[in-house]
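Notes follow once the structure below has been shown.
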Amino acid sequence: MIKSKLKVLLALHDMTQKELAEKTGVRPETISNIINNKIRQIPVDALSAICDLFDCQPNDVFEFTKENNE
């Protein structure tokens, strides 16, 4: 399962979702969906803008964890 770590990045940079949207040009709804793990596909340009702003890599925004199907 892919989980978002964007909420953590925002907290580390003392930034709101609204500020992130304004600084990256990513729609606020898209940012909210990423944070709440409700997004099925992320636009590459949105991920690129987030990584550029925070000077990070995609794995800093998302993490992969195995699902336990037991």
Side-chain angles (χ1 to χ4, degrees):
M1 170 182 253
I2 303 289
K3 289 190 175 184
S4 170
K5 299 190 287 185
L6 186 54
K7 191 175 198 173
V8 173
L9 277 175
L10 288 174
L12 287 173
H13 292 275
D14 194 30
M15 187 180 298
T16 66
Q17 291 182 39
K18 182 179 178 183
E19 289 171 324
L20 178 61
E22 290 169 353
K23 291 181 179 194
T24 60
V26 177
R27 293 179 338 122
E29 182 180 350
T30 300
I31 291 170
S32 177
N33 286 338
I34 292 170
I35 287 173
N36 294 306
N37 294 302
K38 293 183 178 180
I39 197 159
R40 295 205 178 269
Q41 9 179 14
I42 182 165
V44 174
D45 58 334
L47 182 56
S48 180
I50 291 167
C51 288
D52 186 46
L53 178 69
F54 292 129
D55 192 27
C56 67
Q57 296 294 314
N59 64 318
D60 296 318
V61 182
F62 294 100
E63 69 180 341
F64 173 76
T65 57
K66 285 192 171 197
E67 291 185 41
N68 192 348
N69 294 333
E70 295 180 40

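Since the model is a prediction, treat every value here as computed from it, not as a measurement.
Residue pairs meeting the ring pair (Phe, Tyr, Trp, His ring centres under 6.0 Å) criterion with at least one member in residues 11-51, sequence neighbours excluded, are His13-Phe54. Screening residues 4-27 for salt bridge (charged side-chain N to carboxylate O under 4.0 Å, His left out), with sequence neighbours left out, gives Arg27-Glu29. Applying the side-chain hydrogen bond (donor to acceptor under 3.5 Å, both in side chains) test to pairs two or more places apart or on separate chains, none has a residue in residues 45-60.
Between Asn37 and Met1, the closest side-chain pair of non-hydrogen atoms is not below 4.5 Å. A 4.5 Å side-chain heavy-atom check between Leu20 and Leu6 finds at least one atom pair inside the cut-off.
Considering only residues two or more places apart in sequence or on other chains, Pro28 meets the side chain to side chain contact (heavy atoms under 4.5 Å, CB included) condition with Ala21. Under the side chain to side chain contact (heavy atoms under 4.5 Å, CB included) criterion, Lys38 pairs with Asn33, Asn36, not counting sequence neighbours.
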request  = Check the pair Leu10 / Ile35 against side-chain contact (heavy atoms from CB on, under 4.5 Å), numbers first and verdict last.
outcome  = CA-CA 10 Å; Leu10 288 174; Ile35 287 173; 3.5 Å; yes

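Linking Ile, Leu, Val, Met, Phe, Trp and Tyr residues whenever their side-chain heavy atoms come within less than 4.5 Å places Phe64 and Phe62 in a single cluster. Note on Ile50: it does not cluster hydrophobically with Val44, by side-chain heavy-atom contacts below 4.5 Å among ILVMFWY residues.
Here the closest non-hydrogen pair linking Pro58 and Leu47 is CB-CD2, 3.9 Å.
How far CD1 of Ile39 is from CD1 of Ile2: 12.5 Å, rounded to the nearest 0.5 Å.
Put simply, the side chain of Ser4 gets close to the backbone of Ile34: a donor and an acceptor are under 3.5 Å apart.
Think of Val8 as one node in a network of Ile, Leu, Val, Met, Phe, Trp and Tyr side chains linked at under 4.5 Å; its network also takes in Leu12.
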